[in-house]
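Please find one structure pasted underneath; my questions will follow.
Chain naming here is simple, since letters A, B, ... match the order of the sequence lines and numbering starts at 1 in each.
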Amino acid sequence: MPGSLREQIYEVVRRIPAGKVATYGQVATLAGARGHARQVGYALHGLPDGADVPWHRVINARGQISLRNSPGSGADQKRLLEAEGVEFDHLERIDLSRFRWRARPMPWE
DNA sequence: TGCTTGACATAAT
DNA sequence: CATTATGCCAAGC
């Protein structure tokens, strides 16, 4: 049912353009829930397999893939991001200075 | 109905 | 920029 925080999170994630990434905190803020970053991850965790939600574009504030700190599970995600033009470094990290999605100049203050 | 867990963020060190 | 400590809230059991 729409209106749920989970559904709101899905909507925000759908707005992330290809080639860009967003942090959990940013998604939470855009979803209208400042500080509920954990819920974003939890919502994505419960995502069905056929959902049209680019969850792979959602990463943690460190610019790394965070599925549970498990490298194997995030290998596929990294590949998807690379296919969209996102660059990774040796530590599997993304340069947020360039790939961070700027939806709206709000949290910058 | 109440306690535990969790794809994290932010501030301080 | 990395690590440690603390806080936030919803979903699961």
Side-chain angles (χ1 to χ4, degrees):
Chain A
M1 104 177 213
S4 272
L5 185 55
R6 259 175 99 166
E7 294 297 324
Q8 284 290 54
I9 291 169
Y10 296 151
E11 288 299 311
V12 173
V13 176
R14 280 192 197 119
R15 285 174 213 173
I16 304 176
K20 296 285 180 179
V21 294
T23 64
Y24 289 96
Q26 188 175 357
V27 172
T29 302
L30 292 171
R34 169 82 187 229
H36 297 62
R38 305 184 83 160
Q39 237 47 50
V40 178
Y42 208 82
L44 295 177
H45 168 244
L47 255 177
D49 226 21
D52 45 350
V53 179
W55 58 271
H56 54 261
R57 290 176 198 155
V58 184
I59 56 179
N60 60 8
R62 293 178 185 173
Q64 294 191 262
I65 300 182
S66 357
L67 281 134
R68 234 168 78 187
N69 224 6
S70 302
S73 306
D76 204 24
Q77 180 173 11
K78 178 189 170 190
R79 213 169 76 95
L80 287 167
L81 290 172
E82 284 182 323
E84 295 181 351
V86 180
E87 300 173 24
F88 286 79
D89 61 1
H90 305 274
L91 302 174
E92 314 282 291
R93 291 200 318 202
I94 303 173
D95 190 346
L96 292 177
S97 323
R98 296 185 296 179
F99 295 104
R100 203 209 226 224
W101 171 47
R102 304 188 191 177
R104 241 153 266 222
M106 253 310 257
W108 270 261
E109 300 176 55

**OP:** Determine, step by step, whether A/Ile94 and A/Phe88 satisfy the side chain to side chain contact (heavy atoms under 4.5 Å, CB included) criterion, reporting the C-alpha distance in whole Å, the side-chain angles of both residues, the deciding distance to 0.1 Å, and the verdict.
**Re:** CA-CA 5 Å; A/Ile94 303 173; A/Phe88 286 79; 3.6 Å; yes
**OP:** Tell me which nucleotide among B/dC8, C/dA11, C/dA10 gets nearest to the side chain of A/Leu5.
**Re:**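 Closest nucleotide to the A/Leu5 side chain: C/dA10.
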Subject >> A/Leu30 CG - B/dA9 P separation (whole Å) >> reply: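 Checked: the CG to P distance equals 13 Å.
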Subject >> d(CZ, A/Arg62; P, C/dT4) in whole Å >> reply: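 Answer to the nearest Å: 10 Å.
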Subject >> Sub-4.5 Å side-chain heavy-atom contact between A/Leu30 and A/Val27 >> reply: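 With C-beta onward as the side chain, the pair stays apart.
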Original post:
If you measure from CG on A/Leu44 to CH2 on A/Trp55, what distance do you get to the nearest 0.5 Å?
Top reply: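 Rounded to the nearest 0.5 Å, the CG-CH2 separation comes to 9.0 Å.
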Subject >> Selection from C/dC9, C/dA11, B/dA9 that lies nearest to any side-chain heavy atom of A/His36 >> reply: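 So the side chain of A/His36 is nearest to C/dC9.
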**OP:** Find the distance A/Asn60:CG to C/dC1:P and express it as a whole number of Å.
**Re:**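 Computing the A/Asn60:CG to C/dC1:P distance gives 13 Å.
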Original post:
If you take atom types as modelled and just measure distance, does the side chain of A/Arg38 reach the base of C/dC9 with a donor-acceptor pair under 3.5 Å?
Top reply: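 Under the 3.5 Å cut-off, the side chain and the base do not form any donor-acceptor pair.
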Original post:
Which part of the nucleic acid, if any, lies within reach of A/His45 when heavy atoms closer than 4.0 Å are counted: base, sugar-phosphate only, or nothing?
Top reply: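 Touches a base.
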Subject >> Interatomic distance where OH belongs to A/Tyr24 and P belongs to B/dT10 [whole Å] >> reply: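 The answer, rounded to whole Å, is 14 Å.
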Subject >> Between CD1 on residue A/Ile65 and CD on residue A/Gln77, distance to nearest 0.5 Å >> reply: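 So the CD1 of A/Ile65 and the CD of A/Gln77 are separated by 4.0 Å.
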